[in-house]
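Here's the structure, in structure tokens; my notes come after.
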Number of protein chains: 2
Amino acid sequence: MSTTRQRVRESGADAGSHDATRRALLDAAADVFAEVGFRQATIRDICKRAAANVAAVNYHFGDKETLYAEVLTEQSRLAMRLHPSPPDDPAVPAAIRLEQFVRSFLQRVLSAELSARHGRMMAREMVDPTRALDRLVKESIRPNALQLSSILRDLAGQGTTEEVLRLAGMSIVGQILFYCHCQPVVRRLFPESPYDAGQLEQLTRHITDFSLSALRGLSASGSPSRRRPQTKRRRART
Amino acid sequence: MSTTRQRVRESGADAGSHDATRRALLDAAADVFAEVGFRQATIRDICKRAAANVAAVNYHFGDKETLYAEVLTEQSRLAMRLHPSPPDDPAVPAAIRLEQFVRSFLQRVLSAELSARHGRMMAREMVDPTRALDRLVKESIRPNALQLSSILRDLAGQGTTEEVLRLAGMSIVGQILFYCHCQPVVRRLFPESPYDAGQLEQLTRHITDFSLSALRGLSASGSPSRRRPQTKRRRART
DNA sequence: GACAGATTCAAACACGTGTTTCAAACTCCC
DNA sequence: GGGAGTTTGAAACACGTGTTTGAATCTGTC
């Protein structure tokens with residue numbers, strides 16, 4: 001088992017032991033935070049993996065929370081750099097842009113080359129937020145939501161209200177995040193599910209098709225939301 | 001601030017102080033586990049809310065994990081009793097059964113009268129599983145998944161493969177769970193979102209419409225999954 | 001009322017946590 | 001090579017954790 005520190009130091013680019021230790025800490029911390037979350041992660045575990053002393057975190061970052069914040073933004077930028085959202089190019093058909101949006105989103109949160117670190121950390125932030133969530137929303141979640149809105153606006157019919165667009169956006173993001181947030185359950189329900197690149201591509205196509213098909217139907221059924229008179233609310237009677 | 005214990009004792013039905021303490025512990029534990037999760041919850045906090053001694057948990061339940069397991073199944077059964085899944089009645093149109101499935105699911109995980117305890121605990125189990133997850137999958141998640149499959153089988157066209165049914169099911173559950181798992185984000189993106197009974201009903205209708213519309217499209221487009229030749233994989237450039 | 005058993009209680013135990021301390025080792029520059 | 005400044009290291013600190021202990025109190029029964 002080679003420590004992160006060794007990997008960093010052997011990989012050349014050793015700009016002094018200060019930066020090497022800092023790098024090793026960031027890498028080890030990314031693994032640990034993704035595996036067990038901010039609160040459950042221990043500085044001792046991180047430092048052991050980075051082959052650094054327990055005091056290293058406080059020396060280089062001040063405290064655990066600052067280290068976490070740096071890891072979070074670094075992983076977020078890394079994921080966005082490796083799998084960027086599609087450009088907002090009006091020349092590209094909106095359906096294609098939606099597919100690209102879904103694909104890049106899925107890859108950011110699930111692709112193996114990132115060990116799904118970003119996705120796991122995001123999932124934890126949503127279910128069990130830390131003080132870092134506000135910045136995360138501002139810097140990466142909200143921009144993403146706005147981009148999806150813009151794609152959906154192009155896709156939907158003229159009469160579609162902002163509210164329907166918002167709901168449709170959440171339906172799409174919900175489908176994507178399901179595979180990220182519920183991975184332990186999906187693996188138990190469908191043990192044959194590989195969660196590899198091939199399946200990611202299959203998921204991309206399914207979510208895109210499912211959502212495009214849904215949007216076509218919603219546009220076709222027109223704007224009035226007063227439909228379905230047959231079902232009164234809550235009339236289950238066994 | 002009245003403690004759970006007081007509430008229990010004042011509410012009559014005091015079948016001896018043993019059972020009263022046990023009940024108070026279960027209630028307090030449900031609140032705490034839902035608020036901060038199994039690992040972050042402390043026995044001292046639970047006992048303080050239950051107005052019981054620190055040793056009470058070990059005396060009545062053995063240890064923290066056993067208490068957690070009991071809370072989990074109790075809350076799960078409570079949610080299922082208050083908002084049961086629709087019966088598998090072939091006389092009811094599948095579209096209606098889907099709507100009832102979505103509504104009861106949303107109510108189980110989000111409705112205020114349960115303080116969304118069940119939903120929060122489930123969300124935590126999925127993102128950060130404990131040893132209780134296996135039983136949860138076996139006793140409540142898998143049966144639910146099977147019921148959804150049965151509804152979808154009735155809804156989809158004849159040629160629909162098991163795999164497409166599975167994917168569609170996950171698309172639907174993903175939409176439902178999004179509002180549960182991502183509540184902190186949704187509240188930040190849309191501060192006006194009330195998360196009340198009215199919105200639950202609106203969500204029920206949206207998710208049902210969206211999904212029915214999607215399924216109609218998928219059935220119509222036929223079984224062959226080899227479509228969309230125009231987009232080669234990963235050709236983003238820029 | 002007295003006794004056995006059940007229940008509660010304050011205190012303690014053993015351990016793990018984030019953080020701090022300060023001396024030792026190292027680095028860099030002259 | 002020496003010394004200032006940086007970085008590391010082992011140890012300790014203060015606190016919070018789940019669990020245990022054994023005495024005190026309560027409960028029901030004769």
Side-chain angles (χ1 to χ4, degrees), chain A residues 3-6 8-9 12-29 31-33 35-72 128 130-132, chain B residues 3-6 8-9 12-33 35-72 124 128 130-132:
Chain A
T3 64
T4 308
R5 180 74 159 278
Q6 283 169 333
V8 166
R9 288 190 163 152
D14 190 342
S17 106
H18 173 83
D19 288 345
T21 304
R22 201 185 145 81
R23 218 9 311 130
L25 284 172
L26 281 169
D27 291 340
D31 285 335
V32 175
F33 284 138
E35 282 170 25
V36 304
F38 169 68
R39 286 172 243 269
Q40 203 63 19
T42 74
I43 290 188
R44 279 170 175 81
D45 185 11
I46 292 170
C47 289
K48 182 181 262 182
R49 296 203 204 190
N53 186 270
V54 216
V57 165
N58 290 309
Y59 178 77
H60 287 276
F61 297 93
D63 58 11
K64 185 186 175 185
E65 192 171 357
T66 309
L67 170 61
Y68 178 69
E70 291 214 23
V71 167
L72 209 54
D128 196 18
T130 73
R131 296 200 302 189
Chain B
T3 62
T4 309
R5 179 75 159 277
Q6 283 168 334
V8 167
R9 288 188 165 155
D14 191 341
S17 107
H18 173 84
D19 287 346
T21 305
R22 200 185 147 82
R23 233 327 353 116
L25 283 173
L26 281 169
D27 290 340
D31 284 336
V32 175
F33 285 138
E35 282 170 25
V36 303
F38 170 69
R39 286 172 242 270
Q40 202 64 20
T42 74
I43 288 188
R44 279 170 176 79
D45 185 11
I46 292 169
C47 290
K48 182 181 262 179
R49 296 202 204 190
N53 186 270
V54 217
V57 163
N58 290 308
Y59 179 76
H60 287 275
F61 298 93
D63 59 10
K64 185 186 176 186
E65 192 171 356
T66 308
L67 169 62
Y68 177 68
E70 292 213 21
V71 167
L72 209 55
R124 291 183 189 282
D128 195 18
T130 72
R131 296 199 301 187

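Naming: A, B, ... by sequence-line order, numbering from 1 per chain.
The side chain to side chain donor-acceptor pair (under 3.5 Å) check on Thr42(B) picks up nothing, with sequence neighbours excluded. Every residue two or more places apart in sequence or in another chain that forms a side chain to side chain contact (heavy atoms under 4.5 Å, CB included) with Asn58(B) is listed here: Asp63(B). Qualifying side chain to side chain donor-acceptor pair (under 3.5 Å) partners for Gln40(B), counting only residues two or more places apart in sequence or in other chains: none. Qualifying side chain to side chain contact (heavy atoms under 4.5 Å, CB included) partners for Ala132(A), counting only residues two or more places apart in sequence or in other chains: Tyr68(A), Leu72(A), Glu125(A), Thr130(A).
Distances shorter than 4.0 Å separate some side-chain N or O of His60(B) from OP1 or OP2 on dT8(C). Contact annotation: Thr21(A) side-chain N/O to dT7(D) OP1/OP2 distance is not under 4.0 Å.
The shortest distance between side-chain heavy atoms of Leu67(B) and Leu26(B) falls below 4.5 Å. By the 4.5 Å heavy-atom criterion applied to side chains, Asp45(B) and Arg49(B) are counted as neighbours. Inter-residue side-chain proximity for Cys47(B) and Asn53(B) is flagged as unmet; no heavy-atom pair is nearer than 4.5 Å. Counting heavy atoms from C-beta outward, Glu70(B) and Arg22(B) have side chains that approach closer than 4.5 Å.
For Tyr59(B) and dG22(D), the OH to P distance is 17 Å, given to the nearest whole Å. Between the CZ atom of Arg22(A) and the P atom of dT8(D) there is a distance of 12 Å, rounded to whole Å. Atom-to-atom, CG of Asp19(B) to P of dA6(C) comes out at 14 Å; the value is rounded to the nearest Å. In this structure, Phe61(B) places its CZ atom 18 Å from C1' of dT20(D), rounding to the nearest Å. One atom, NZ of Lys48(B), and another, C1' of dT8(C), lie 18 Å apart when rounded to the nearest Å.
Comparing the axis of the opening five pairs of the helix from dG1(C)-dC30(D) to dC30(C)-dG1(D) with that of the closing five pairs yields an angle of 0°, rounded to 10°.
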Nucleotide N/O to protein N/O under 3.5 Å, stretch nucleotides 16-22 of chain C:
unit_1	atom_1	unit_2	atom_2	d
dG18(C)	OP1	Ala41(A)	O	3.0
dG18(C)	OP1	Ile43(A)	N	3.4
dG18(C)	OP1	Lys64(A)	NZ	3.1
dG18(C)	OP2	Ile43(A)	N	3.0
dG18(C)	N7	Arg44(A)	NH1	2.7
dG18(C)	O6	Arg44(A)	NH2	3.0
dT19(C)	OP2	Lys64(A)	N	3.1

